[in-house]
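Inspection log for the structure reproduced underneath, given as structure tokens.
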Amino acid sequence: MGRGRVQLKRIENKINRQVTFSKRRSGLLKKAHEISILCDAEIALIIFSTKGKLFEYSTDSCMERILERYERYSHAERQLIATDTESQGSWTLENAKLKARLEVLQKNQRHLMGEDLDTLNLKELQNLEHQLDSALKHIRTRKNQLMYESISELQKKDKALQEQNNLLTKQIKEKEKKEKEQQAQLEQHQNHDPNSSSVVISQSLHSLNIGGAYQAAVGDVEGAPHQIQNNAVMPPWMISHING
């Protein structure tokens, strides 16, 4: 007949309890040794009997080294768990603070927009009015500053345009002056040119004050070059010059 399932509960009979402890302890130590060899695992096994007797097993015969390693890993794990718990609690608290601050800011924004004012008392309304006055003051100050900067920039542009206009006016006057000088030089050159007979005759007649006689002589020369009137009035050199 097969063995039935053993009910896992404390064995009340002291002798049976001692026998079971001895058998299962040996089996446990054997299984620990087998798993350490088969799986190349480091194992430390500690057993205290009911009477306080110690039974132990370690794979490398150095229980202290395995226990130190266990303490390091256990401490690091506890630190990690504590950090995660603390971090999670910190983030939860920070989230709650941010939500509360957001609600306050939204409420203040509605008040500044003139909404939800029924819940405010007289003192809160006075504080709100003071905030609005201060905000308007800052806005006007900034607006005036921008207007002043804009005016200053326009004045600089106007000054630059005036300077450019003055420079162009000066260049035009200098150009006109040069043109007049060139015209005067051209007239002076024509006055001193011997080939310009009409100019020389005109100047000679003007110096002798006989313009009328010259006009009559010229008319006769153009109409009939061989007939010259008033010869007594004109000098011989002029007559020869006209006939030539």
Side-chain angles (χ1 to χ4, degrees), residues 1-139 142:
M1 295 178 64
R3 297 175 59 185
R5 177 177 293 182
V6 178
Q7 187 177 3
L8 293 178
K9 67 177 182 177
R10 184 177 182 270
I11 300 175
E12 297 296 337
N13 190 297
K14 186 176 181 180
I15 297 175
N16 292 338
R17 186 168 63 241
Q18 185 64 31
V19 173
T20 303
F21 173 77
S22 178
K23 290 182 178 180
R24 290 185 178 261
R25 180 199 66 206
S26 300
L28 182 60
L29 293 174
K30 182 181 178 181
K31 291 294 183 182
H33 178 68
E34 290 176 354
I35 194 174
S36 66
I37 294 175
L38 294 173
C39 301
D40 193 20
E42 291 187 0
I43 298 175
L45 178 61
I46 300 174
I47 303 173
F48 288 97
S49 66
T50 306
K51 296 181 179 180
K53 188 176 180 180
L54 173 64
F55 300 92
E56 65 179 34
Y57 171 81
S58 61
T59 54
D60 56 358
S61 300
C62 185
M63 180 67 72
E64 290 78 6
R65 190 181 66 82
I66 298 176
L67 292 177
E68 288 178 359
R69 184 178 180 184
Y70 169 76
E71 287 293 334
R72 290 196 302 271
Y73 276 87
S74 178
H75 178 72
E77 186 177 359
R78 288 194 299 268
Q79 287 288 338
L80 181 61
I81 293 173
T83 302
D84 291 341
T85 304
E86 183 180 357
S87 176
Q88 185 177 3
S90 176
W91 280 110
T92 303
L93 181 61
E94 187 69 19
N95 187 23
K97 289 181 179 179
L98 290 176
K99 284 184 177 180
R101 183 170 179 80
L102 179 61
E103 291 178 358
V104 172
L105 291 175
Q106 290 177 348
K107 184 178 179 181
N108 291 335
Q109 183 181 8
R110 289 194 299 270
H111 291 165
L112 292 173
M113 295 297 294
E115 301 175 358
D116 298 340
L117 301 178
D118 297 336
T119 58
L120 301 179
N121 55 26
L122 180 60
K123 186 176 181 179
E124 291 174 344
L125 289 173
Q126 289 176 350
N127 292 333
L128 180 61
E129 184 180 8
H130 179 69
Q131 292 178 3
L132 291 173
D133 290 338
S134 299
L136 287 173
K137 183 178 180 180
H138 289 301
I139 292 172
R142 178 58 180 167

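Between L128 and H111, the shortest heavy-atom distance links the atoms CD2-O, 3.5 Å. Across all non-hydrogen atoms, the minimal contact from A41 to T59 is O-CG2, 3.4 Å. Contact between A32 and I43 at its shortest, heavy atoms only, is O-CD1, 3.2 Å. Taking each heavy atom of M63 and A44 in turn, the nearest pair found is SD-CB, 3.4 Å.
Not a single donor-acceptor pair under 3.5 Å links the side chain of T20 to the backbone N or O of R17. Counting only distance, with no hydrogens or angles, the side chain of S49 and the backbone of K53 share a donor-acceptor pair below 3.5 Å. Remark: side-chain polar atoms of E103 are not paired, donor with acceptor, to backbone N or O of A100 under 3.5 angstrom.
Atom CD of E34 and atom CG of L29 lie 11.0 Å apart (nearest 0.5 Å). Between the CD atom in Q106 and the CZ atom in R110 there is a gap of 6.5 Å [rounded to 0.5 Å]. Rounding to the nearest 0.5 Å gives a distance of 12.5 Å between OG of S36 and NZ of K31. Separating the CD atom in Q18 from the CG atom in N16 is a distance of 10.5 Å, to the nearest 0.5 Å. Interatomic distance, CG of L136 versus CD of Q131, reported as 12.0 Å (0.5 Å rounding). Distance check, rounded to the nearest 0.5 Å: CG of L117 to CG of L125 gives 6.5 Å.
The 12-atom threshold is not exceeded at CD of Q109, counting heavy atoms of other residues, nucleotides or ligands nearer than 6.0 Å. Atom CD1 of I15 sits in a sparse spot, with 12 or fewer heavy atoms from other residues, nucleotides or ligands closer than 6.0 Å. The environment of D133 atom CG is dense: over 12 non-hydrogen atoms of other residues, nucleotides or ligands sit within 6.0 angstrom. In the displayed structure, Y70 atom OH is contacted under 6.0 Å by at most 12 heavy atoms of other residues, nucleotides or ligands. Counting heavy-atom neighbours within 6.0 Å of I47 CD1, excluding the residue itself, gives a total above 12.
The residues E12 and R10 are annotated as salt-bridged, a charged nitrogen and a carboxylate oxygen being separated by less than 4.0 angstrom.
R101 is listed as a side-chain neighbour of L105, based on a closest heavy-atom distance under 4.5 Å.
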